[in-house]
Amino acid sequence: METKSGIYSHPGIFIEDHINRCLELLSFYLQRELPLISAEFVLSATLSVALHDFGKCTKYFQDYITGKGRRSEFSNHSLLSAVYTYYCAKKLISDPKLLSFSFVACKSHHTDPESFTSEFTFGEDEIERLNKQIKSIDQERTNIFISNLNLQEDVKKNLFLSKEEFMNKLLEIVKEIKSFRKSFRKCESKIEDFVKFQYLFSLLLDSDKTEAGAKSFTPKRVSCIPLHVVSRYKANNLSKSREIDHLREEAYKEILSKEVDLSKRIYSITLPTGMGKTLTGFAFALKLRELIKNEKGTMPRIIYSLPFVSIIDQNAEVLIKVLKTEFHEIEGRILIKHHHLSEPEFKEYEFSEARLLTEGWNSEIVITTFVQLFHTLISARNSEFRRFNKLANSILLIDEVQALPTKYWHLIREVLREVSKNLDVYIILMTATQPYLLEEAVELADPHVFRKRLDRIRVFINLEGVSLGQFVNSLEFKKDKTYLFITNTISSSKELYRLLKERMNEKICYLSTSVLPYERLRRIEEIKKGKYRFVVSTQLVEAGVDIDFDEVYRDFAPFDSLNQSAGRCNRNMERGKGNFYVIKLTDSEGKRFYSRIYDSVLCNITEEMLKGVKELSEPELTNLIEEYFCKVWEKITPDESKKILEAVKCFRFSSDDISIRDFELIEDDKYKQDVFVEINDEASEVWSRAKSIIGNLKKKKIDIFKAKEEFEKLKPDFYKFVVTVNIKENKPSCDEELKMFFVSRDMLKSYYNPETGFVEKGEAFFEV
């Protein structure tokens with residue numbers, strides 16, 4: 001019977017049991033056939049996992065974990081673990097970069113990493129603390145822990161502790177570690193090195209957090225997700241009678257019949273809107289997965305990424321229906337949704353475990369947002385790093401790729417190329433308007449062929465500025481037609497809605513982010529069912545929302561946005577030809593609304609291309625897209641991308657200079673705040689539950705960890721009643737307990753219009 005060390009890593013858990021389980025998980029996660037993987041990398045990751053909690057062997061930590069002492073600076077274990085990992089790894093590993101990566105990974109496994117130039121600094125107080133910690137270690141028990149590790153004997157023998165030797169060499173070790181600062185200060189690393197560090201750090205974090213937080217979880221893969229699930233679903237659920245249905249099927253078959261050369265890792269599916277890219281792209285990803293499995297012996301997970309949460313929920317619903325033709329249990333090991341409001345999958349586990357497994361992307365198919373994907377690719381925080389290893393040998397399906405901010409195109413281009421090459425990642429870019437991002441992508445269907453055959457709309461262009469009042473007065477409506485108006489700002493959408501309402505005696509549907517998600521989702525479903533003839537919206541319906549109108553009016557915007565909006569017009573080719581109008585709306589001072597939100601470079605390129613053009617067919621409109629994106633690539637400045645790329649090469653995660661943490665796919669609007677609106681009984685009940693959690697925490701009926709868990713459970717329902725709006729001039733009261741602005745039911749008239757949402761100062765209020 002194995003003798004235990006008696007050293008604890010967690011309450012009631014021996015350190016060797018925790019580490020051996022971490023090593024098992026590491027073995028499961030580690031993809032040894034990756035281009036960046038060497039024998040030394042594998043050893044470096046193994047040593048990092050084996051020794052990341054070495055610092056818990058001190059008497060200070062053991063007294064704290066067993067309740068005999070308080071937490072103090074001497075019970076902190078990460079720095080000592082990092083120093084000892086370096087000390088042992090140096091005996092076995094020659095690559096200085098790997099040694100530096102292991103040191104930082106161990107040092108930062110409970111915190112976000114800082115700039116590497118600061119990670120390799122030591123103060124006199126830290127060296128003194130390390131000496132005291134080492135002196136307090138029980139050498140015999142620590143070496144029992146080492147002897148119990150499931151490692152090869154020739155590796156293990158280099159890990160045994162000699163306190164005297166370690167203390168004698170401590171200053172020399174510290175000096176060597178401090179010398180790493182020079183190489184990172186010069187910013188001479190390659191993106192490949194950054195990918196390598198992220199992968200190593202991710203393996204450590206994922207192994208540690210999964211072992212500690214989901215002990216009952218046994219990792220396993222679902223090897224077979226057959227391609228026929230898509231064709232079976234299509235046969236049983238989709239219409240086959242319309243002309244658009246035949247075109248969709250033709251595109252589907254053409255893409256699925258394409259010969260695939262696995263040496264090519266980047267693909268694109270460029271099809272006009274309404275051509276069924278969701279199912280076609282997913283089917284091709286399944287085909288690619290099977291080919292890779294058969295040829296390389298690996299099982300790529302499919303990571304399907306989209307720009308908006310609303311589209312994720314919509315697409316996930318479709319894919320769940322597709323998979324249910326083959327599987328009974330879908331959510332969890334086969335498919336998860338992951339975004340900031342998603343509920344944890346893995347229903348067979350406790351909530352905290354299920355959340356941990358969902359956030360760790362432990363599924364064959366992950367449907368997530370651009371923010372989650374690209375902040376995992378370019379990581380700066382532990383929660384992001386942890387998922388990075390799941391990208392290895394994956395298939396990235398990036399839908400609506402044109403929605404990526406142009407200022408980051410150069411950055412994203414370089415990072416995608418590196419992970420594709422070094423992590424054996426396959427990338428499928430999907431859109432109706434393919435940006436000039438990765439020109440080496442293999443096109444799976446000739447977009448020109450389908451563009452020629454899709455002639456669903458006439459496009460009318462008027463670039464003369466027109467006020468909202470003049471525009472509404474110029475409109476003539478036909479009784480048998482449906483109308484969609486897409487504006488650029490919430491203020492212009494509300495004013496347009498008001499003017500149309502004054503003129504007409506018909507119900508109009510209004511959509512914008514000022515309307516609560518609870519109500520917004522209901523209205524979108526009603527629009528899909530044909531309940532409204534008139535809809536006024538901001539650009540939130542522009543991409544991925546499957547709605548269809550006879551006539552669409554779009555305030556001027558960059559070319560790709562115009563094309564996406566045109567996809568809401570006669571989408572299904574059911575009513576002759578639709579009419580799509582491009583107009584330029586102005587405010588009361590003659591200023592154009594589009595200039596408030598869009599990049600002037602993109603707008604200028606679009607205006608130049610459309611100068612003198614009065615009318616276009618749909619094929620003519622879509623054929624201009626390629627020219628537009630070529631011009632955009634030539635004109636956009638790579639400055640923002642270069643700043644982040646420099647930070648990447650310096651491993652500058654956080655600093656006063658531009659750092660990796662400055663990379664934000666969606667920038668926070670400092671003028672906008674979250675506001676909870678108590679619009680109905682359900683909202684009242686949700687708010688009451690949230691207040692109850694805080695109340696129980698204050699009364700010490702629950703601790704802070706339980707309070708956080710309870711709110712996580714509540715969050716999907718809670719945020720149905722939250723809008724993120726500018727409250728600068730109409731500020732509701734703030735609930736001090738929940739740190740959230742709150743509109744109670746008796747204050748609704750002052751702050752929330754049931755038709756148009758949150759009320760800005762001076763805005764006219766009108767009854768339903």
Practice item. Tell me, yes or no, whether the heavy-atom count around Lys347 atom NZ, taken from other residues, nucleotides or ligands under 6.0 Å, exceeds 12. Key: yes

Point to revise | Other residues, nucleotides, ligands: >12 heavy atoms within 6.0 Å of Glu350 CD | key: no

Point to revise | Residue pair Arg333, Glu364: steps toward the salt bridge (Lys or Arg N to Asp or Glu O under 4.0 Å) verdict | key: CA-CA 6 Å; Arg333 292 190 187 268; Glu364 299 302 324; over 6 Å; no

Practice item. With sequence neighbours left out, write down each residue that passes salt bridge (Lys or Arg N to Asp or Glu O under 4.0 Å) with Lys107, or none if nothing qualifies. Key: Glu119

Taking the side chain from [X] and the backbone from [Y], do they hold a donor-acceptor pair closer than 3.5 Å?
X: Thr210; Y: Ser207; value: no
X: Ser5; Y: Ile7; value: yes
X: Tyr426; Y: Leu262; value: yes
X: Ser75; Y: Arg71; value: no

Check your understanding: Does the side chain of Thr358 pick up a donor-acceptor pair with the side chain of Glu345 at under 3.5 Å?
Key -> no

Practice item. Evaluate side chain to side chain contact (heavy atoms under 4.5 Å, CB included) for Glu682 paired with Lys720, printing each intermediate quantity in order. Key: CA-CA 10 Å; Glu682 186 179 342; Lys720 290 177 187 175; 4.0 Å; yes

Practice item. Report the C-alpha distance between Lys715 and Glu712 in whole Å, list the side-chain angles of each, state the deciding distance to 0.1 Å, and finish with yes or no for salt bridge (Lys or Arg N to Asp or Glu O under 4.0 Å). Key: CA-CA 5 Å; Lys715 193 163 72 169; Glu712 282 292 322; 3.6 Å; yes

Geometric cation-pi criterion [X] and [Y], 6.0 Å radius, 45° cone:
X: Lys4; Y: Phe14; answer: no
X: Lys196; Y: Phe41; answer: no
X: Lys277; Y: Phe282; answer: no

Review point. With under 30° as parallel and over 60° as perpendicular, where do the rings of His109 and His52 fit, or are they tilted in between?
Key: perpendicular

Practice item. Can you label the angle between the Phe718 ring and the Phe711 ring as parallel, tilted or perpendicular, going by 30° and 60°? Key: perpendicular

Is the shortest heavy-atom distance from the side chain of [X] to the side chain of [Y] under 4.5 Å?
X: Leu227; Y: Arg289; result: no
X: Thr368; Y: Tyr304; result: no
X: Val155; Y: Thr46; result: no

Less than 4.0 angstrom from a charged side-chain N to a carboxylate O is my criterion; do [X] and [Y] meet it?
X: Glu526; Y: Lys529; value: no
X: Glu525; Y: Lys528; value: yes
X: Lys706; Y: Asp703; value: no

Practice item. Given salt bridge (Lys or Arg N to Asp or Glu O under 4.0 Å), test Glu343 with Lys713 step by step and report yes or no. Key: CA-CA 7 Å; Glu343 295 184 58; Lys713 291 178 183 177; over 6 Å; no

Review point. Does the gap between the ring centers of Tyr267 and Phe284 come in under 6.0 Å?
Key: yes

Review point. Centres of the Trp687 and Phe742 rings: under 6.0 Å?
Key: yes

Point to revise | His375 and its ring-ring contact (aromatic ring centres under 6.0 Å, His included) partner, picked from Phe370, Phe388, Phe663, Phe385 | key: Phe663

